[in-house]
Student: 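Got a structure for you, written out below as structure tokens; questions coming shortly.
Residue numbers start from 1 in every chain, and the chains themselves are labelled A, B, ... in the order their sequence lines are given, proteins ahead of strands.
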There are 2 protein chains.
Amino acid sequence: MVGMTNTDRPRRCEPTRQAILQAARERFACEGYDRTTIRAIAADANIDPSMVMRYFGNKEQLFAAAAKFDLHAPDLSETPPEERADRLVRHFIRLWEGDLADSSLQILLRCALTNETAAERMRLIFAEQVIPLVTTGIDPDEAVERSGLVASQMLGLALCRYVLRLPAVVALDSERLATWIAPTIRRYLTEPRAPIPSAREIQAGNDFLNGKPAN
Amino acid sequence: MVGMTNTDRPRRCEPTRQAILQAARERFACEGYDRTTIRAIAADANIDPSMVMRYFGNKEQLFAAAAKFDLHAPDLSETPPEERADRLVRHFIRLWEGDLADSSLQILLRCALTNETAAERMRLIFAEQVIPLVTTGIDPDEAVERSGLVASQMLGLALCRYVLRLPAVVALDSERLATWIAPTIRRYLTEPRAPIPSAREIQAGNDFLNGKPAN
DNA sequence: GTCTATAATTCGATAGAC
DNA sequence: GTCTATCGAATTATAGAC
């Protein structure tokens, strides 16, 4: 065809590429990085293992491609402050088990503990997506501290419910879960910060940590 | 010697055994199960890899021996109810970074995501040590639900601070951390449970999860 | 583009000398 | 009790035929 060159086509091999990616995501999500083999991915995608190498170079690059993640952070600037925590919690649950759910978060969380690429990406997501999201309407100087607290509760929930699958945490229905968690997040977002502890209080805390009885 | 038989001695090989165990603990704690090799453990312990096999049979049994864990759960029955959450949080922080700290918790948390033995042990610890601990002074019917919530915050904190090492969570000193987290735990322990959601509320929750706008 | 064959490592586990 | 030597299996990655 006139004007139809090879460089025009939008990658005819795209379906194969997507099949590999989807198989890789499922494997990485439920088996972690190390136990996932290129052979198994290829078998799932019904292709030859060498094709995976051809498309993605090596296992690490395949993982990097499979672990893309978007929080789909909602814009909270129009949300009344007293509702922000609730929206945040429900948005997060929706990311895991609602219509926005895919295996991306599962991949990151399960692999971040044994793969440095995943851990680094987790920190990047925290810095680029979580902190800006939480910052809406609060003092930027406090945003990092508050974001960290929010992350500790949110990721802990994800860990217990979706990865470790602790029966006690799995048993709660999502509505009840949101009702429990939202006030925690609200406090982390809005509660005035405690004053910087005095030297004496810090000492008392260290003493406790080291098993010394209080006076 | 008279009366001195072979069966009397308390295992002369105990030092070697302990050296292997300590090396294994460090490796499992910071590299996870799969990436830890028996060869590396043996090198750390300055012995031959085959000795590891001789002492512990195989890698899985070595892991089981290295992942023993005791929460050292305090007795809260004498503690006034309003102080229990605070004691719980401080005890937990002490387990990670105080005088009670060792690598046991780090091993469990890092390996539980990719090794079924570790995951199962985590659930066992939750059932045998966390739930009884939290049950002190609260309705046993509610203990499981409340324990799950407590675990979600405690393990989330551990995940972000000690394993993922999110800078925002690492930056907080332990006293300040306890001040932030304790009220959350107190609420999970004592706040009256929400009523069972009505069918309409559950429907509204599901709609939200699936992206339908509220009316 | 796809597949076969295989190189190059690495690891868990075993056998046996000392 | 300790070490040498090695097996057998699995893995990533590459080279090259079709």
Student: Near DNA chain C, which residues from residues 19-27 of chain B have a heavy atom under 4.0 Å away?
Tutor: none

Student: Short of 4.0 Å, heavy atom to strand atom, which residues of residues 55-66 of chain B count as contacting DNA chain D?
Tutor: Tyr55(B)

Student: Please list, chain by chain and in numerical order, all residues satisfying side chain to side chain donor-acceptor pair (under 3.5 Å) with Asp139(B), sequence neighbours excluded.
Tutor: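 Side chain to side chain donor-acceptor pair (under 3.5 Å) check on Asp139(B) returns nothing, list empty.
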
Student: Decide yes or no on side chain to side chain contact (heavy atoms under 4.5 Å, CB included) for Phe63(A) and Ile107(A), but give the supporting numbers first.
Tutor: CA-CA 9 Å; Phe63(A) 177 77; Ile107(A) 293 175; 3.7 Å; yes

Student: Starting from P on dT14(C), measure out to CD1 on Ile38(B) and report it in whole angstrom.
Tutor: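 Taking atom P of dT14(C) as the reference, CD1 of Ile38(B) is at 10 Å.
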
Student: Side chain to side chain contact (heavy atoms under 4.5 Å, CB included) with Arg110(B): which residues, sequence neighbours excluded?
Tutor: Leu113(A), Gln106(B), Val163(B)

Student: Could you pull out every donor-acceptor pair under 3.5 Å between side chains of residues 127-136 of chain B and any protein atom, sequence neighbours left out?
Tutor:
residue	atom	partner	partner atom	Å
Gln129(B)	OE1	Leu71(B)	N	2.8
Thr135(B)	OG1	Ile131(B)	O	2.4
Thr136(B)	OG1	Leu133(B)	O	3.1

Student: Whole Å only: how far is the CE atom of Met53(A) from the P atom of dT11(D)?
Tutor: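 In whole Å, dT11(D) P and Met53(A) CE are 14 Å from each other.
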
Student: Does Arg123(A) come within less than 4.0 Å of Glu116(A), counting only side-chain N to carboxylate O?
Tutor: yes

Student: End-to-end bend of the helix from dG1(C)-dC18(D) to dC18(C)-dG1(D) (five-pair axes, 10° rounding)?
Tutor: 10°

Student: Who are the side chain to side chain contact (heavy atoms under 4.5 Å, CB included) partners of Arg87(A), not counting sequence neighbours?
Tutor: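 In terms of side chain to side chain contact (heavy atoms under 4.5 Å, CB included), with neighbours along the sequence ignored, Arg87(A) is linked to Pro74(A), Leu76(A), Thr79(A).
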
Student: Between Glu60(B) and Tyr33(B), does any side-chain donor sit less than 3.5 Å from a side-chain acceptor?
Tutor: yes

Student: Send over the distance from Glu14(A) CD to dG1(C) P, rounded to a whole Å.
Tutor: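 Spelled out: CD on Glu14(A) to P on dG1(C) is 10 Å.
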
Student: What's the CG-P distance between Asp34(B) and dA10(D), to the nearest Å?
Tutor: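 One finds 15 Å between P of dA10(D) and CG of Asp34(B), rounded.
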
Student: Could you tell me whether a side-chain N or O of Arg161(B) sits under 3.5 Å from a main-chain N or O of Leu172(B), the two making a donor and an acceptor?
Tutor: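 Indeed, once roles are kept as given, a pair shorter than 3.5 Å links the two residues.
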
Student: Can you sort out the partners of Thr184(B) under side chain to side chain contact (heavy atoms under 4.5 Å, CB included), two or more places apart, ordered by chain and number?
Tutor: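 Scan of Thr184(B) (side chain to side chain contact (heavy atoms under 4.5 Å, CB included), adjacent residues dropped) gives Gln153(A), Thr184(A), Arg187(A), Tyr188(A), Gln153(B), Tyr188(B).
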
Student: Between the protein and nucleotides 3-9 of chain C, which nitrogen or oxygen pairs are less than 3.5 angstrom apart?
Tutor:
residue	atom	partner	partner atom	Å
dC3(C)	OP2	Asp48(A)	N	3.4

Student: Which residues satisfy the side chain to side chain donor-acceptor pair (under 3.5 Å) test with Arg121(B), sequence neighbours excluded?
Tutor: none

Student: Could you list the residues that satisfy salt bridge (Lys or Arg N to Asp or Glu O under 4.0 Å) with Arg35(B), not counting sequence neighbours?
Tutor: none

Student: Please report the distance, rounded to the nearest Å, between CZ in Arg17(A) and P in dG1(C).
Tutor: 11 Å

Student: Under 4.5 Å between any side-chain heavy atoms of Leu21(B) and Tyr55(B), yes or no?
Tutor: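 Answer no - side chains too far apart.
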
Student: Without placing hydrogens or testing angles, list every side-chain donor-acceptor pair under 3.5 Å for residues 38-45 of chain B, not counting sequence neighbours.
Tutor:
residue	atom	partner	partner atom	Å
Asp44(B)	OD1	Arg27(B)	NH2	3.3
Asp44(B)	OD2	Arg27(B)	NE	2.7
Asp44(B)	OD2	Arg27(B)	NH2	3.4

